[in-house]
Amino acid sequence: MLTIYNTLTKKKESFKPLNPPFVGIYVCGPTVYDDPHLGHAKSYVSFDIIVRFLRASGYRVRYVQNITDVGHLLGETNEGEDRILKKAQLEHLEPVEIAQKYERHYFRDMDALNLERPDISSRATGHIPEMIELIQVLLDKGYAYEVHGNIYFEVSTFSEYGKLSGRKVEDMISGTRIDAMSEKRHPADFALWKKADPEHLMQWNSPWGKGFPGWHLECSVMAQKYLGETIDIHGGGLDNQFPHHECEIAQSEAANGKPFVRYFMHNNMVTLNSQKMSKSLGNFITLTDLFDRYGPMTVRFFILQGHYRSPQDFSDTALEAASKGFNKLRDTVINLKKHVDDGYKSEKQVSGQCAVFRTQFFDAMNNDFSTATALSVLFDLSRFANSAMSGDDLESINYALALFEELGEEILGLQFAKQGDRVEDSAEDALMEIIISMRQKVRAEKNWKEADRIRDLLAVKGISILDGVEGSTWKKAVKN
RNA sequence: GGCGGCGUAGCCAAGUGGUAAGGCAGAGGUCUGCAAAACCUUUAUUCAGCGGUUCGAAUCCGCUCGCCGCCUCCA
């Protein structure tokens, strides 16, 4: 039985979707105005695992993620400027070019991390009419008001405002950072629609004049459009809990009179060398930069070693340790693939010790997606598999490989052997066989100097020769 | 100021009432020409500190110290 920590109730709860076996999940996607960074990796890897595990548990999942290509306002008073616009001016490109360029970068990096793409990636700019409709509903029902072409949600009309983040509207009046001098009736009221200056590059017609949508509207609209008025799971980064998700709840529940979300899930934040990583501090590193030093699978593995609700610190020592740990599993899987007979078929029916491992793995994942514990099962499985290979225990070898494929590859999304790896490269294989057999001759002559020289030369090229009792094998150093 | 979180071995990190997973690093061993890999053994009488509840606490409660997040765009 799957239990999920629900941020709405601050408790672990049994997961019961509204209409089983269907599960609707909405995860806040990126604002596409810059390259993806470490924080995106943690967040989207976490929800990728969640989606994969739900599917492995038999649920029919529809996974929706937005692409924010409108851009949020830089500040309450800074009308007309948003981050995409700012970037567009900086790079001398159309806002749409900026959005599409960084959307491509986003998918490029997420693909590298082996994330399954959302079933629906919906762009905010494609849903302006629906947003206008929702605003109209809120106006008609008295939850919103218009001032000079701007529409605001009136927080005081929605009594449950604050139920997600635990904030009280009264407390927010004294908040020093909220501009008390604005045209809003209450400082906590938030914009649904903003009037655009004539020179503003992104603007749309609306019943209230030309403008653009407010910060939180797109998620309410797209979640409802594709998943219905009540969705099973809504995910996102902890930093979005307030105000973003709080405002989504207010908009959606005020408009529909129904619970918006059954389970809210928030992943925790990432730090870099123990420091907060943020765009405003400018110390974030992009995934492209990170992948130059550590492969995407190392990054994915590293994220899985922590818990999605715990903060995670990226450092070189931690990533190097993760790289070695992942390599250990990877070596085991590659060796298993070499050991299985031709009749191998991936099967999910395993017995004996492997069945125990499988149960342990599912127990861990059922407990609010405890990937770190699940990974520890894979290390136990690795030890079991290596022993089985020493003993030529073919049945265990087959079961172990089947488990690695199901648990490691399908559910955790770890690519142990990528395409192009040497297991599938017959030319490279043939060459290495020749080199090894030649070296085997000098070894037979006990010419250790020459044997070591060959080994060292290959090592420089990233190829390791492993001499065993039954001859030598080799492996290529890969950046995971 | 308001709200919330965290502090577990040299490092990373699970565990949230029943007697400390796992990875990396370290030590010893088997194997090996050597090396590597693999396997075996080993590495926290103890979970920031101090009190309390309990038959029993890293896990619950209180206080103290330290660190962090949100309250402004952020995953």
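Below, read A as the first sequence line, B as the second, and so on, with proteins coming before strands; counting in each chain starts at 1. Only this structure's heavy atoms are used, side chains among them; waters, hydrogens and symmetry mates stay out.
Among the protein residues, A:Arg439 comes within range of the nucleic acid bases, having at least one heavy atom under 4.0 Å from a base atom. Using a 4.0 Å heavy-atom cutoff across all strands shown, A:Tyr44 reaches sugar-phosphate atoms only and no base atom. Nucleic acid contact for A:Lys324: sugar-phosphate only, since backbone atoms but no base atoms lie under 4.0 Å from a heavy atom of the residue. Here A:Val27 lies out of heavy-atom contact (under 4.0 Å) with every strand. Across all strands shown, A:Gly237 has heavy atoms under 4.0 Å from sugar-phosphate atoms exclusively, and none from any base.
On the P atoms, B:U54 is 16 Å away from B:C61, given to the nearest whole Å. Spacing of C1' atoms, B:U16 relative to B:C60, comes out at 9 Å, to the nearest Å. Nucleotides B:C70 and B:A57 place their P atoms 37 Å apart, quoted to the nearest Å. Between B:G4 and B:A9, the distance separating the two P atoms is 28 Å to the nearest Å. With both ends at atom C1', the span from B:G17 to B:C3 equals 28 Å, rounded to whole Å. Across B:G15 and B:C6, the matching C1' atoms stand 15 Å from one another, rounded to whole Å. A gap of 14 Å separates the P atoms of B:U45 and B:C11, to the nearest Å. Between the P atoms of B:A36 and B:A21, the separation comes to 29 Å (whole Å).
Rounding to the nearest 0.5 angstrom, the gap separating the OG atom in A:Ser323 from the CZ atom in A:Arg330 is 10.0 Å.
With rounding to whole Å, A:Asp109 atom CG is found 14 Å from B:A75 atom C1'. The separation between A:Lys163 atom NZ and B:G4 atom C1' is 19 Å, rounded to whole Å. Note: CD (A:Gln65) to C1' (B:A75) measures 10 Å, nearest angstrom. Rounded to whole angstrom, the span from the CG atom of A:Leu412 across to the C1' atom of B:G23 amounts to 15 Å. In this structure, CD of A:Glu218 is placed 14 Å from C1' of B:A75, rounded to the nearest angstrom. Atom CG in A:Asp316 sits about 16 Å away from atom P in B:A25, given to the nearest Å. Between the CZ atom of A:Phe242 and the C1' atom of B:G2 there is a distance of 11 Å, rounded to whole Å. Following rounding to the nearest Å, A:His244 (NE2) and B:C71 (C1') show an atom-to-atom distance of 16 Å.
Donor-acceptor pairing under 3.5 Å, judged by distance alone, is absent between the side chain of A:Asp380 and the base of B:G22.
Using a 4.0 Å cut-off between a side-chain N of Lys or Arg and a carboxylate O of Asp or Glu, A:Lys476 and A:Glu428 qualify as a salt bridge. Checked for salt-bridge contact, A:Glu103 and A:Arg123 meet the test: a charged N lies under 4.0 Å from a carboxylate O.
Look at B:G33: it lacks any Watson-Crick or wobble partner with both distances under 3.5 angstrom. With both pairing distances under 3.5 Å, B:G69 is matched to B:C3 as a Watson-Crick or G-U wobble pair. Judged by Watson-Crick or G-U wobble contacts below 3.5 Å, the nucleotide B:G62 has B:C50 as its partner. Nucleotide B:A21 is matched to nothing when pairs are restricted to Watson-Crick or G-U wobble geometry with both distances under 3.5 angstrom. Nucleotide B:A27 forms a Watson-Crick or G-U wobble pair with B:U41, both donor-acceptor distances falling under 3.5 Å.
Listed by chain and residue number, nothing satisfies the ring pair (Phe, Tyr, Trp, His ring centres under 6.0 Å) test with A:Phe361 (two or more places apart in sequence, or in another chain). Under the side chain to side chain donor-acceptor pair (under 3.5 Å) criterion, A:Glu450 pairs with A:Arg453, not counting sequence neighbours. Residues meeting the ring pair (Phe, Tyr, Trp, His ring centres under 6.0 Å) test with A:Phe15, sequence neighbours left out: A:Tyr59, A:Tyr263. Listed by chain and number, the residues in a salt bridge (charged side-chain N to carboxylate O under 4.0 Å, His left out) with A:Asp363 amount to none (sequence neighbours excluded). For A:Phe302, the ring pair (Phe, Tyr, Trp, His ring centres under 6.0 Å) partners are A:Phe314, not counting sequence neighbours. Taking the ring pair (Phe, Tyr, Trp, His ring centres under 6.0 Å) definition, one finds that A:His127 meets it with A:Tyr226, sequence neighbours left out. Scored by the side chain to side chain contact (heavy atoms under 4.5 Å, CB included) test, A:Asn114 finds A:Arg52, A:Met297, A:Arg300, A:Gln415 as partners (sequence neighbours excluded).
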Protein-nucleic acid N or O pairs under 3.5 Å, nucleotides 35-42 of chain B:
| from | atom 1 | to | atom 2 | distance (Å) |
| --- | --- | --- | --- | --- |
| B:A35 | N6 | A:Asp467 | O | 2.5 |
| B:A35 | N1 | A:Asp467 | N | 3.0 |
| B:A35 | N3 | A:Arg455 | NH1 | 3.1 |
| B:A38 | O3' | A:Asn386 | ND2 | 3.1 |
| B:C39 | OP1 | A:Asn386 | ND2 | 3.3 |
| B:C40 | OP2 | A:Arg383 | NE | 3.4 |

Can you tabulate the close N/O pairs, meaning under 3.5 Å, that link protein atoms to atoms of nucleotides 6-17 of chain B?
| from | atom 1 | to | atom 2 | distance (Å) |
| --- | --- | --- | --- | --- |
| B:A13 | O2' | A:Gln305 | O | 3.2 |
| B:A14 | OP1 | A:His307 | N | 2.9 |
| B:A14 | OP1 | A:Ser310 | OG | 3.3 |
| B:A14 | O2' | A:Thr373 | OG1 | 2.4 |

Distances for protein N/O vs nucleotides 66-69 of chain B N/O pairs under 3.5 angstrom?
none

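Aromatic rings from A:Phe264 and A:His266 are positioned such that their centres are separated by under 6.0 Å.
Ring geometry for A:His216 against A:Phe190 counts as perpendicular: the plane angle is over 60°, on a 0 to 90° scale with 30° as the lower cut. Below 30°, between 30° and 60°, or above 60°: for A:Tyr106 and A:His40 the angle between ring planes is above 60°, a perpendicular geometry.
No cation-pi contact links A:Arg185 to A:Tyr152, judged by a cut-off of 6.0 Å to the six-membered ring centre and 45° from its axis.
Comparing A:Val270 and A:Gly166 by the nucleotide of RNA chain B that holds the closest heavy atom to each, the one mapping nearer the 5' end is A:Gly166.
Counting only residues at least two apart or on different chains, the salt bridge (charged side-chain N to carboxylate O under 4.0 Å, His left out) pairs with a member in residues 375-395 of chain A are A:Asp380-A:Arg383.
For the residue pair A:Ala99 and A:Asp69, the shortest heavy atom distance occurs at CB-CB, 3.6 Å. Nearest heavy-atom pair, A:Ile334 versus A:Phe416, reported as atom, atom and distance to 0.1 Å: CD1-O, 4.3 Å.
For RNA chain B, no neighbouring residue in residues 45-54 of chain A is found when judged by any heavy atom under 4.0 Å.
Closest to the side chain of A:Trp448, out of B:G33, B:A75, B:C70, is B:G33.
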